[in-house]
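The structure appears below as structure tokens.
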Amino acid sequence: MFMDPQEILSLCKRRGFLWPSFDIYGGMAGMYDFGPLGVALKNNIENHWRRLYVLQEGFMELSCPLVSPEPVFKASGHLDTFSDMYVECTKCGETYRADHLAKDLHENPATLDEVQLGKLLRENGVKCLSCKGDLTEPKRFNLMFKTMVGAGKAKPGYLRPETAQGMFVNFQQVYRLGREKLPVGAVQVGTSFRNEISPRQGLIRLREFHQMEAELFVHPDDKTWPRFGAVKHEKLLLVANSGETKEITLEQAVNDKVIVNEVLAYFMWLTYRFVLDVGLDPKKMRFRQHEKTEMAHYASDCWDLEAELGYGWVELVGVADRGCYDLSAHIKHSDADLTAFEKFDEPKEVEQEGVKVKFDVMGKMFKGDTKIVAEALSKMPLESLKGRESVPVQAGGRTHDVPAECFEVAMRKEKVTGRKFVPHVIEPAYGVDRIAYAALEHAYSKSEKEDYITLRLKGLVAPFKAGVFPLMAKDGLDGIASEIHASLSSAGMHTYYDDAGSIGRRYARMDEVGTPCCITVDYQTKDDGTVTVRDRDSSEQRRIKKENVVLAVTRLVSGAGLKALEGL
RNA sequence: GCGGCCGUAGUGUAGCCUGGUUAUCACUUUAGCUUGCCAAGCUAGAGACUCGGGUUCAAAUCCCGACGGCCGCACCA
């Protein structure tokens, strides 16, 4: 069925899921406010995700600042990647990457600023490739929001364009807390920012959005996963970049090298499980492998989980093997040791020639300079130290003459028990807003004849778990209903109490926001203590004892259906 | 950022071309009555011309700009 996103967004606005931000000031593209129902939906999605990643798979959840200092993004590559320069044709409006046009005019056009690049293009008479029109001066599009941290000599900072970097820069903490074993994983749920040129399509392309990202650090030679065996016979619909589309088991996909390794396959499966749990339609889901050209140069494999929506196929989740790229980049830029250590089976004896400083002799001679001279000395090539009476050492801006009795060069035996290596990263990255939207769209249904809208949300994600109504707001029915509402609330369930208008209208309101069931107190309740439970999707009812309401709602929310109320 | 279309209560709309009373209708919503299980009825309310400038005696209506929306192009680390 073709779905018009406008219809969904209209419902969302009407019923308090979400609305355009800053509306009274004319709004701002790419920003949405979540209303009470939207917040509940989003929280439910995020909390279920935590249940899988943190509780089930044992990832550690972090929460890092949204504003990050410049070096972080220098290292990650975002600063350079986001600073692409564009020129436009003044005649036909075509846009080009300025550095691409200058490719043959300069050995490395990416190093030029916009003024230099503009001059270069002008002097070489570069015109529009399609219509030969004049080009504008290069313009810089930076997709990160920039800000200043502190007053006076403020440092530039950026709003994070993804949550991932916070986990990479904290690798040491995560590795240590994981007791220095691999695999070890971190997750972060939170807001990210991208200053999109033209945000569009409702929640699909936002300037401020929510991500749930996981970074799993693994040994480069061991990309297996303990729970893989339990799911290896499960099937996924794969659209490979070879052009083939097939539904095959995880095991076969890994054996045939369709998916590059076991751990990636496992997290693709977990991703699929997750989106089914939150109510997405399996018939409208697929995994699409990135094209070789689309994939970041460092990634060895990347699959997008896509959902079919009114907008077409939309990426909800990206699952990538990023290799050692991220940690290596931060090692290079920060000098921090973001490596893991592996013990050899047998320690190795390694004989190595080295210089040993005799501090007792040297200290008397060099006094306060001893430390810096010794340091400089031990960094010098061994050959330049051998067989000399004294050695000139540069330290502290001077040349020190160090006599041979201050050190000796000798073979040293060292026991090497293992080696350091840079772990590889498996990254599942989820777009919360997109998933929330997909959950709404896949749950949306409208009866043909009377435009009766029902959101068939999974109980797990539904903002309200139940509606509670007195059939009439009198004769004590309202009091009993209030008590039931209170008992559900204290059991931790968000429920909606409503005693106004006809009962049908109240059911309809709840159906439209996806509430799985409604409890109605009627006159029979006063006689025998039973209430009716109405199921949203079938609109059928059962009577149960009122003291069993919490249990009944719990069962219905878990998707058990009315038959699970037998005996209550 | 470019091009096309568009912007009226919470939602969906009429009016705009051809400027002129108190801006149409439905749903929603509030209060009261009624109502004994699926958007019922009655009565009384509330609620809008996206913003700014221009033309005019007079602008929802015509013109310009901004903002916002949809579609296409480009972009999407």
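Within every chain, numbering begins at 1; the chains are lettered A, B, ... in the order of the sequence lines, protein sequences first and strands thereafter.
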Q: Using a cut-off of strictly less than 4.0 Å, decide whether Arg505(A) has a side-chain nitrogen or oxygen near OP1 or OP2 of U28(B).
A: yes

**Q.** Euclidean distance, atom CG of residue Asp33(A) to atom P of G10(B) [Å, nearest integer]
**A.** 16 Å

Q: Scan Gly202(A) against the nucleic acid and name what it touches under 4.0 Å (heavy atoms): base, sugar-phosphate only, or nothing.
A: sugar-phosphate

Q. Glu196(A) has an atom CD; how far is it from atom P of A74(B), in whole Å?
A. 16 Å

Q. What does Arg506(A) touch in the nucleic acid at a heavy-atom separation under 4.0 angstrom: a base, only the sugar-phosphate, or nothing?
A. nothing

Q. To the side chain of Leu471(A), which of A74(B), C70(B), G36(B) is closest?
A. G36(B)

Q: Mind checking Arg15(A) for me? I need base, sugar-phosphate or nothing, with any heavy atom below 4.0 Å counting as a touch.
A: nothing

Q: For Ser10(A), answer base if it contacts any base atom (sugar-phosphate contacts may also be present), sugar-phosphate if it contacts only those atoms, and nothing otherwise; contact means non-hydrogen atoms under 4.0 Å.
A: sugar-phosphate

Q: Would you indicate which nucleotide in C70(B), C76(B), C37(B) comes nearest to any side-chain atom of Tyr507(A)?
A: C37(B)

Q) Which part of the nucleic acid, if any, lies within contact of Thr532(A), taking any heavy atom under 4.0 Å across all strands shown: a base, the sugar-phosphate backbone alone, or nothing? A) base

Q: For Glu315(A), answer base if it contacts any base atom (sugar-phosphate contacts may also be present), sugar-phosphate if it contacts only those atoms, and nothing otherwise; contact means non-hydrogen atoms under 4.0 Å.
A: nothing

Q | Pairwise 5' ranking along RNA chain B for Glu512(A) and Arg14(A), keeping only the more 5' one | A | Arg14(A)

(Q) If you assign each of Ala29(A) and Arg434(A) to its closest nucleotide in RNA chain B, which residue comes earlier from the 5' end? (A) Ala29(A)

